[in-house]
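Structure, as structure tokens:
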Amino acid sequence: MQRPVIRPRRLRQSAAMRNQVRELRVDPAELVLPLFVREGLSAPQEISSLPGIQQHTIDSMRAEIAEAAELGIGGVMLFGVPEKRDAYGTGATDPEGILNVAIAAAAAEAGDALTVQADLCLDEFTDHGHCGVLDGKGAVDNDATLSRYAEMAVVQAEMGAQIIGMSGMMDGQIAVAREALDRTGHEDAVLLAYSAKYASAFYGPFREAVDSQLQGDRRTYQMDPANRREGLREALLDIDEGADIVMVKPAMSYLDVLADVSAESIVPVWAYQVSGEYATIVAAAQHGWIERDRAVEESIVSIRRAGADAVLTYFALEYAKALRAR
Ligand code: PBG
């Protein structure tokens, strides 16, 4: 019998040996915690499709930020849930609007401990639930939306957002936001481009989290899940337009796109483990079908391994605590 000379198992023989040859370790600074802040709440409210995640009051948001900072988490991404909506999403650009008020409070709480990031999109603020304004035929009007985004970027920067998450998938949105920010003295505001953002069923629980008004879908602006090459195209375009960071979203079903973008990008590449990815793991674990701790770690490690420098994840607090407990 020919006995093997090359034995990869040699490096797996003990925990100490595996520990020595491990290629990647996640640091809490590479995690970003998404937070939902809802107008008019008197106490935090559970989101049924995201067990363990709440819609926050300003005060409970501040407590989460303090905890995230204490755990060494890199940043928080804020989403606003307004009480009133209209066709133009005016709440998004109102300095008294819930997201903008939340940004200011978050910036005050965070200081220099972590970065305050804000979602820049109109979907939470429009009564039709689309990410942009509509034209006379009810289609999302790209260029009319761009001027709303430019205004929103300036307000968010003024309120203290350090990283602006451009999640609306309008063509030209990075260039327009950059120009508006620079013109108003916000050269330091960082643009995070949700570059390769796919029209995904895995955003399901997020719709509950932000009380989405959407009828129909976002397929005329978010990408077709079948398209890999186009993911890289979108990322390269955003880098050309001045994106400081590019992102792939969702993460786990798009690791190929993430690897492509990571191989070509000259700016940091992030990924968003979205609401449905979180809910899937939590639900299976609640049934006892998978081990929660291991599934959480494996999913985040896989996203990092595929090329993400940082990961937005609803598991950020939980995973940072697990890392600390080692
Ligand atoms: C748009 C936005 C969405 C998510 C983040 N930003 C919703 C969408 O595009 O439909 C989804 C995030 C998640 O599912 O966790 N404001």
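Ligands are counted one by one from 1 in listed order, and the atoms in each one are counted from 1 as well. Numbers here simply count residues along the sequence, with the first being 1. What you see is a predicted model; the values in this text were computed from it and never measured.
Ring geometry for Y278 versus F315: interplanar angle of 30 to 60°, hence tilted. Using bins of under 30°, 30° to 60° and over 60° for the plane-to-plane angle, the ring pair Y198/Y254 lands in the parallel bin.
If you number the atoms of ligand 1 from 1 as listed, the ones under 4.0 Å from a heavy atom of K249 come out as 2 (C), 3 (C), 4 (C), 5 (C), 6 (N), 11 (C), 12 (C). With ligand atoms numbered from 1 in the order given, ligand 1 contributes 1 (C), 16 (N) to contacts under 4.0 Å with heavy atoms of D123. Here is the list of ligand 1 atoms found below 4.0 Å of a heavy atom in K197: 1 (C), 2 (C), 3 (C), 6 (N), 8 (C), 9 (O). Interface atoms of ligand 1 facing Y272, defined by a heavy-atom separation under 4.0 Å, are 12 (C), 15 (O). Of all the atoms in ligand 1, the ones that sit under 4.0 Å from a non-hydrogen atom of R207 are 8 (C), 10 (O). For ligand 1, the atoms closer than 4.0 angstrom to any heavy atom of C121 are 1 (C), 16 (N). Remark: ligand 1 atoms within the under-4.0 Å shell around heavy atoms of E124 are 16 (N). Residue contact check: R218 has heavy atoms under 4.0 Å from atoms 8 (C), 9 (O), 10 (O) of ligand 1.
Between Q222 and ligand 1, at least one N/O pair is under 3.5 Å apart.
Less than 6.0 angstrom separates the ring centroid of F36 from the ring centroid of F206.
Which of Y198, F206, Y203 comes nearest to atom 7 (C) of ligand 1 through a heavy atom is settled by distance: it is F206.
A salt bridge (Lys or Arg N to Asp or Glu O under 4.0 Å) check over residues 296-308, counting only residues at least two apart or in different chains, returns the pairs E30-R304, E297-R326.
Each of D94, D211, D123 was scored for a salt bridge (charged side-chain N to carboxylate O under 4.0 Å, His left out) with R85, with one residue passing: D211.
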